[in-house]
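From a predicted model like this one, the values you see are computed outputs, not experimental measurements. Ligands are counted one by one from 1 in listed order, and the atoms in each one are counted from 1 as well.
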Amino acid sequence: MPNRDRVSTVGGRDDAVRHPIFARYYARLAPALDVRAGIGAHRAELLAGLSGRVVEVGAGSGLNFSRYPAGVREVVAVEPEPRLRRVATDAAREAAVPVSVVPGVAEALPAADGEFDAAVVSLVLCSVRDPDRALAELRRVLRPGGELRFYEHIRSEGAAGFLLQRTLDRTVWPRLFGGCHTGRDTVAAIGAAGFVSVSLRRLRVPEGGVPTPVSAHVLGSARRP
Ligand SMILES: C[S@@+](CC[C@H](N)C(=O)[O-])C[C@H]1O[C@@H](n2cnc3c(N)ncnc32)[C@H](O)[C@@H]1O
């Protein structure tokens, strides 16, 4: 199957992630999924109680922006995909807290060490090229004691489910869904990156609906030591 989206290199001048077809349908369909699959409620829980300066990585079309609580002083939203970044920039204008949308990739965040009180990723660690490097970067830009909030779909706990995920991840899925991998063990990766006080809840999305290869979700937080 031809991959009509182009994923360019990470690092250097051309560090954009280009998925024009995925970007177009994600921007259109994701708001409906927030309602129909209950993802919007999980976004609200993801962001509840945050305060100070926040970096959101892989912000997509900016669906989290309107849900940041008033205690957040500023959100720096990093988004590498040009089309999604444009949509996010429009969404930022409607947000109740100041949001600036900037280009960049998770594996080389455009931020100084310890700059942020909190970092947010939602449905992103499945798609980055190098999740371990991305988590190391998230840890680097958080202040000591700073909080990582994550909402991700993850590796299935059942053997058959994981076998299906592994097959999809080696074949069509990343090509169809903007580099997404269904079966990443993101919970283990967060621990391996040195985050502590990991607290999480496993979810099925949509709850009670027909399971899909991306039904196993996790919502949680962890801290930089
Ligand atoms: C499924 S979308 C999720 C978007 C948004 N976080 C949300 O919750 O709707 C995956 C996002 O990850 C972004 N992404 C892919 N590779 C990335 C990378 N290396 N660094 C940062 N973001 C990346 C994509 O451009 C896209 O915005």
Sidechain N-carboxylate O distance under 4.0 Å for R140, D113: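 Yes.
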Salt bridge flag under 4.0 Å for residues R83 and E81: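 No salt bridge links R83 with E81.
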Positive for side chain to side chain contact (heavy atoms under 4.5 Å, CB included) with [X], one of [options]:
X: R155; options: V187, T182, D185; result: D185
X: V102; options: V55, T89, V76; result: V76
X: R43; options: L63, V120, L219; result: L63

Side chain, backbone, both or neither: E107 near ligand 1, heavy atoms under 4.0 Å: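 Answer for E107: side chain.
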Per-residue contact class, A59 against ligand 1 - non-hydrogen pairs under 4.0 Å: backbone
Distance (rounded to the nearest 0.5 Å) between C126 SG and I154 CD1: 11.5 Å
Is [X] in polar range of ligand 1, meaning some N or O pair under 3.5 Å apart?
X: A106; answer: yes
X: Y26; answer: yes
X: G58; answer: yes
X: R129; answer: no
X: E79; answer: yes

Close approach of R43 to ligand 1, heavy atoms, under 4.0 angstrom: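 Under 4.0 Å: yes for R43.
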Non-hydrogen atom of P80 closer than 4.0 Å to ligand 1: yes
Output the list of atoms in ligand 1 that are nearer than 4.0 Å to some heavy atom of [X], sorted by atom number.
X: S122; value: 3 (C), 5 (C), 6 (N), 7 (C), 8 (O)
X: V124; value: 6 (N), 12 (O)
X: E81; value: 25 (O)

E115 and R143: CA distance, side-chain angles, deciding distance, salt bridge (charged side-chain N to carboxylate O under 4.0 Å, His left out) verdict: CA-CA 6 Å; E115 232 198 283; R143 65 167 169 75; over 6 Å; no
N/O donor-acceptor pair under 3.5 Å between R202 side chain and H217 backbone: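 Not a single qualifying donor-acceptor pair exists.
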Test item: R139 side-chain N/O and R224 main-chain N/O as donor-acceptor pair under 3.5 Å: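 Looks like no, no N/O pair under 3.5 Å.
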Option of least heavy-atom distance to atom 16 (N) of ligand 1 (set: G62, S127, G104, S61): S127
Option set L46, L123, D130, criterion heavy-atom distance to atom 3 (C) of ligand 1, minimum: L123
